[in-house]
Amino acid sequence: MSARQSTLLPLFTTFNTDPVTLARRLLGQRLVRIHQGVRLAGTIVETEAYLGEPDRAAHTFNGRRTKRNASMYLPAGHAYVYFTYGMHHCMNVVCGKKDEGVAVLLRALEPTEGLKVMYQHRFAAKRDIDLCSGPAKLTQALAIDLTCDGINMLTSNDLFIEKQRSRCLPGRLIGRSARIGVGYAHSWAKKPLRYFILGNPYVSRAAPAVKATAR
DNA sequence: CCCGTGATTTAT
DNA sequence: TAAATCACGGGG
């Protein structure tokens, strides 16, 4: 067994679940990017669940299939990276069943490895909390772009998730709120599908939040 | 508050 | 074909 496998989130089954479960399960785990031989990594502290066909805010709403969102229909454990606002990349972890079109958006990391290189990637960052405290900040810090779209994180040596804990964080440590930036999504805009580690200073922003109940 | 920036989506 | 939109970030 390789060193990588020993700390990898164990199996396909870890990701082969619904996006709400995965959004909570990913909190406290580590996203790792190997870029030009340098290991860039951080603890996942904020996520959002996107629920696919019925979810007005999801790129796969109403079963929409485009060149951009194609990888959101791949099997669980793949990366869905997209480009938006003419300059930003965002990264999702695909989950659910193949062709279901559900995923978890990674919104913030607490940076743990390669901070010096992250500062080089993040021109505007002054402090550590500026490095990865937003979905497009973390992709910029970790050099995640369209070349990462469709990567299978279960087998990749360049982009993967490492297990830091075997169990989900307890519900009393998880906050939840409405998702950010989806005000157009009618009734789906208000659903509490954003999850974050309560009190963690690296989340993208404070928001009216309620404590997530234990599951 | 406003704007950059360009691919995607929607309207005509 | 044209117009509007956008799972954002930075600056005032």
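The model shown is predicted, which means the values in this text are computed figures rather than measured ones. What's counted below: heavy atoms across the whole structure, side chains too, no hydrogens, waters or symmetry copies.
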[X] side-chain N/O to [N] phosphate OP1/OP2 under 4.0 Å:
| X | N | result |
| --- | --- | --- |
| A:R65 | B:dT8 | no |
| A:R122 | C:dG10 | yes |
| A:H59 | C:dA7 | yes |
| A:T84 | B:dT8 | no |
| A:Y85 | B:dT8 | no |

Just the rounded figure in Å: distance from [atom2] of [N] to [atom1] of [X].
| X | N | atom1 | atom2 | result |
| --- | --- | --- | --- | --- |
| A:H88 | C:dT5 | NE2 | P | 19 Å |
| A:R194 | C:dA7 | CZ | P | 16 Å |
| A:N69 | B:dT8 | CG | C1' | 10 Å |
| A:Y82 | C:dA7 | OH | C1' | 3 Å |

[atom1] atom, [N] versus [M]: distance in rounded Å?
| N | M | atom1 | result |
| --- | --- | --- | --- |
| C:dG11 | B:dA7 | P | 24 Å |
| B:dT12 | C:dC6 | P | 16 Å |
| C:dA4 | B:dC3 | P | 16 Å |
| C:dG10 | B:dT8 | C1' | 24 Å |

Could you tell me whether [X] contacts a base, only the sugar-phosphate backbone, or nothing, with contacts defined as non-hydrogen atoms closer than 4.0 Å?
| X | value |
| --- | --- |
| A:R179 | nothing |
| A:K137 | sugar-phosphate |
| A:M72 | base |

Below 4.0 angstrom, N of the basic side chain to O of the carboxylate: do [X] and [Y] qualify?
| X | Y | value |
| --- | --- | --- |
| A:K97 | A:D18 | no |
| A:D55 | A:R179 | yes |
| A:R64 | A:E53 | no |
| A:E162 | A:R39 | yes |

Candidate nucleotides [options], ranked by approach to the side chain of [X] - the nearest:
| X | options | answer |
| --- | --- | --- |
| A:M87 | C:dA7, B:dT10, B:dT5 | B:dT5 |
| A:A124 | B:dT9, C:dC8, C:dG10 | C:dG10 |
| A:Y50 | B:dG6, B:dG4, C:dA7 | C:dA7 |
| A:A136 | C:dC8, C:dC6, B:dT9 | C:dC8 |

Item to complete: Write down the partner of B:dT5 under the Watson-Crick or G-U wobble criteria, each distance required to be under 3.5 Å.
Response: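 With both distances under 3.5 Å required, B:dT5 matches none.
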Item to complete: Kindly confirm or rule out a cation-pi arrangement of A:R68 over A:Y82, judged by NZ or CZ under 6.0 Å from the six-membered ring centre and within 45° of its axis?
Response: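 Yes, A:R68 and A:Y82 form such a contact.
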